[in-house]
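Numbering starts at 1 and runs along the sequence shown. Atoms within each ligand, like the ligands themselves, are counted from 1 in listed order.
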Amino acid sequence: MTRPSQASIDLAALGHNYLVARKLHGGRALAVVKANAYGHGALRCALALKDVADGFAVAFLDEAVELRSGGVQGPILLLEGCFDQEELVTAQRLDFWTTVHQQSQLQDIERTSLPAGGLHVWLKINSGMNRAGFDAVHVNEAYRRLQACPAVASVTWMTHFARADEPASAATARQIEAFDAATAGLPGDRSLCNSGGVLGWPHARRDWARPGIELYGADPMPSPQHGLIPVMTLHSKIFAVRTLQPGDALGYGGTFVASVPTRVGLVAIGYADGYPRSAPSGTPVAINGKLSRTLGRVSMDMMTVDLSDLPDAGMGSHVELWGRQIDVNRVAQAAGTISYELLCNVKRVPRVYTE
Ligand SMILES: *Cc1c(COP(=O)(O)O)cnc(C)c1O
């Protein structure tokens with residue numbers, strides 16, 4: 001038996017989730033496949049979406065080059081933009097769309113000799129996240145300067161939400177208002193929504209959505225209601241079983257101590273594969289389809305689960321760490337993080353794709 005740990009990737013679910021997102025938002029949607037498609041494999045995911053998606057978004061140039069070289073045509077937006085003039089030249093040659101979120105990127109466009117008319121710019125406005133983007137007072141000037149560059153073919157207005165996954169927060173409504181005020185009367189398409197925006201903020205819907213995490217079926221809202229399907233199932237098998245006696249401590253640090261005889265299964269996956277070491281005893285898992293829990297610390301290559309209530313489970317039993325049965329959000333919550341980080345961190349296990 002080879003090591004039975006895999007990330008199964010359901011590309012039909014990915015397509016389903018993309019269409020759910022675009023239909024909900026209206027207009028067009030760039031599928032965000034940065035960070036290797038949140039751990040799902042960027043090229044495979046982009047190719048699976050190529051006939052339905054209006055385009056793709058990645059963080060930076062190298063991620064976009066991987067997609068182009070792999071045969072992905074059509075728009076690919078660089079969400080962080082170009083880091084220097086050389087990148088700008090490459091971006092235009094490969095027909096990438098680029099973000100301009102600060103002065104130095106504006107200057108690079110002004111100073112680089114580029115063929116006329118090919119550059120599609122997404123001008124990022126700071127509407128309250130205060131991380132990247134032009135403040136409202138500089139918006140008109142930035143726009144005028146871009147318009148004066150012969151290379152620039154179009155300008156699309158973009159902003160990014162800090163708290164769109166918090167329906168009770170007033171921050172998103174304030175950001176929408178600030179964005180609309182800053183761009184009032186200026187021509188060009190608009191794009192506000194990440195997944196949280198698409199799912200929770202109808203007033204934020206404009207010309208383009210930028211859905212990321214929702215494509216992968218991990219709904220970021222507190223009360224999911226749109227039927228997204230988990231794309232990744234991280235799974236493995238039990239490859240050893242033992243029964244702890246009362247008083248026996250389990251694994252590194254002895255953090256779990258049996259108080260009654262406890263059957264424990266050893267699972268062939270660990271934090272080097274991306275399962276979070278910070279997940280405590282009690283984090284949910286599914287064993288042969290039945291709900292159980294982790295026990296003790298997660299090790300580098302293996303982890304331990306409770307078989308006490310599952311007399312039929314044992315050597316070779318299937319263990320789902322997250323997927324359709326175990327919501328990755330629940331594991332993330334137990335581990336003190338978010339689904340994004342868990343999915344991005346998946347490594348070492350083979351990814352196995354189904355259409
Ligand atoms: C990553 C990113 C997105 C996608 O965010 P999700 O929360 O995963 O939907 C959208 N826009 C920008 C600018 C991003 O950096």
Any luck finding a side-chain donor-acceptor pair between R210 and S191 under 3.5 Å? yes
State whether a side-chain donor-acceptor pair under 3.5 Å links Y18 with D54. yes
Would you say the rings of W201 and F161 are close, in the sense that their centroids are separated by under 6.0 Å? no
I need the atoms of ligand 1 closer than 4.0 Å to a non-hydrogen atom of Y38, numbered in the order shown. 1 (C), 4 (C), 5 (O), 6 (P), 8 (O)
Closest to atom 9 (O) of ligand 1 among protein heavy atoms sits S195 OG, 2.5 Å
Any idea which part of R210 is under 4.0 Å from ligand 1, heavy-atom wise: side chain, backbone, both or neither? both
Any N/O of G212 closer than 3.5 Å to an N/O of ligand 1? yes
Give me the nearest non-hydrogen protein atom to atom 7 (O) of ligand 1 as residue plus atom name, then the distance to 0.1 Å. Y340 OH, 2.7 Å
For Y252, is the NZ or CZ atom of R297 found under 6.0 angstrom from the centre of its six-membered ring and inside 45 degrees of the ring axis? no
Quick test of your reading of the structure: of V33, L215, N194, L199, whose heavy atom lies closest to atom 5 (O) of ligand 1? N194
Ignoring hydrogens and geometry beyond distance, is a side-chain donor-acceptor pair present between H120 and T156 at under 3.5 Å? no
What part of L79, side chain from CB on, backbone N/CA/C/O, both or neither, has a heavy atom under 4.0 Å from ligand 1? side chain
Does H160 have a heavy atom less than 4.0 Å from any atom of ligand 1? yes
For ligand 1, which atoms have a heavy atom of I213 less than 4.0 angstrom away? 6 (P), 8 (O), 9 (O)
Are there more than 12 heavy atoms of other residues, nucleotides or ligands under 6.0 Å from atom CG of D309? no
Kindly say whether H318 contributes a backbone atom to a donor-acceptor pair with the side chain of N288 at under 3.5 angstrom? yes
List ligand 1 atoms under 4.0 Å from K34, heavy atoms only on the residue side. 1 (C), 2 (C), 3 (C), 14 (C), 15 (O)
